[in-house]
Amino acid sequence: MNSSSPKDNKDKAPQPTNDAEPATTAPPSIASESDSGKGEKGPSNQQPSQQPVVPVPPQLVMYPTWSTGLFECCDDIPTLLITCFAPCVTFGQVAEMVDRGQNSCGLYAMLHAGILYLTGCGCLLSAYYRIKMTQLYNLPNDPLINILVHLICEPCALCQEYRELQARGFNMKLGVGWRNQSLEIQQTGGLMVAPKVPGGMTR
């Protein structure tokens, strides 16, 4: 028989202790930070979606060039005929305008004819004035090419220079000369011609 009394059973019963583990809860600081982070997420803090970058096409570079091509001589048949048979005349007209009337057309023509008769190299004198003209009007200025143009095709080069001065407002008729040009032409030295896109007119 069990002689233990109810009092002894009460003493042997497990007593509740204060060592029970508390309920696991997130620290308030962490919870507040997570809550604040969730609250901050809004349309204002969202990174804007990157738009596709559309490449801008390069601008067309405008290069200065002659107003007419080298082989457009047939556009002015009278000047072409004069230049073929008497290149000194066309050269005299061009040189007088390039030099701003320092000497007359007749003097330049005689100088060109004399060099052509004595040495056969009148094209070198006209090439020098072509180079001078390109510097004056900001035209394609390659001295070697300008000399070769006059050596190979003197009439075409002189006709092109003649037409260029006409395009800039000069009155290139024989007998007019620099002194009879308009006051505007004498002051400005010729109108500016808009440059052309490469691939249009050639030299």
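The structure displayed is predicted, hence computed values, not measured ones.
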Q) Okay, side chain of Gln93, backbone of Cys105: is any donor-acceptor separation there less than 3.5 Å? A) no
Intermediate values then yes/no, side-chain contact (heavy atoms from CB on, under 4.5 Å), Trp178 and Asp99:
CA-CA 9 Å; Trp178 173 262; Asp99 276 346; over 6 Å; no
Arg130 side chain to His150 main-chain N or O, any donor-acceptor pair under 3.5 Å? no
Between Ser67 and Ala167 the two heavy atoms that sit nearest each other are OG-CB, 3.5 Å
Heavy-atom nearest pair, Gly189 first then Tyr137, reads O-OH, 2.5 Å
Query raised in the report: For the hydrophobic clusters of this structure (ILVMFWY residues joined by side-chain heavy atoms under 4.5 Å, transitively), does one cluster hold both Leu80 and Leu158?
Result: no
Next on the checklist: Starting from Leu125, can I reach Val89 by hopping between I/L/V/M/F/W/Y residues whose side chains sit under 4.5 Å apart?
Outcome noted: no
Arg163/Glu72 ion pair, N-O < 4.0 Å
no
Separation between CG (Leu165) and CG (Asn171), nearest 0.5 Å, reads 11.5 Å
Legend entry - Joint hydrophobic cluster, Leu111 plus Tyr129, side-chain heavy atoms closer than 4.5 Å: yes
Rounded to the nearest 0.5 angstrom, the CZ-SG distance for Phe91 and Cys123 is 11.0 Å
| Are there more than 12 heavy atoms of other residues, nucleotides or ligands under 6.0 Å from atom CD of Gln186? | yes
Quick one: does any side-chain atom of Gln181 pair with a main-chain N or O of Gly177 as donor and acceptor, under 3.5 Å? yes
Has Gln160 got a side-chain atom pairing as donor or acceptor with Phe71's backbone, closer than 3.5 angstrom?
no
Which is it for Trp66 and Thr134 under the side-chain contact (heavy atoms from CB on, under 4.5 Å) test, yes or no, and what are the steps along the way? CA-CA 9 Å; Trp66 296 86; Thr134 58; 3.7 Å; yes
(message) Please check this pair: side chain of Glu96 against backbone of Tyr108, looking for a donor-acceptor N/O pair closer than 3.5 Å.
(response) no
What's the verdict on side-chain contact (heavy atoms from CB on, under 4.5 Å) for Leu136 and Arg100, showing C-alpha distance, side-chain angles and the deciding distance?
-> CA-CA 11 Å; Leu136 185 63; Arg100 300 293 189 263; 3.3 Å; yes
Heavy atoms of Thr79 and Cys159 approach each other most closely as O-SG, 4.1 Å
Here the gap from Leu124 atom CG to Thr119 atom OG1, rounded to the nearest 0.5 Å, amounts to 7.5 Å
For this session: Give a yes or no on whether Leu70 and Ile145 share a hydrophobic cluster (residues Ile, Leu, Val, Met, Phe, Trp, Tyr; joining criterion: side-chain heavy atoms under 4.5 Å apart).
Result: yes
Going by atom types alone, do Tyr128 and Asn146 pair a side-chain donor with an acceptor below 3.5 Å? no
message = Using the rule that Ile, Leu, Val, Met, Phe, Trp and Tyr join whenever any side-chain heavy atoms are under 4.5 Å apart, tell me whether Ile82 and Met97 fall into a single cluster.
response = no
When rounded to the nearest 0.5 Å, the distance separating CG of Asn180 from CD1 of Ile185 is 13.5 Å
Thr68 versus Glu164, side-chain donor and acceptor atoms under 3.5 Å
no
Residues Gln135 and Asn141: closest non-hydrogen pair is CG-ND2, 3.3 Å
dist Thr83:OG1 -> Glu161:CD (nearest 0.5 Å) comes out at 10.0 Å
Separation between OG (Ser182) and CD (Gln187), nearest 0.5 Å, reads 9.0 Å
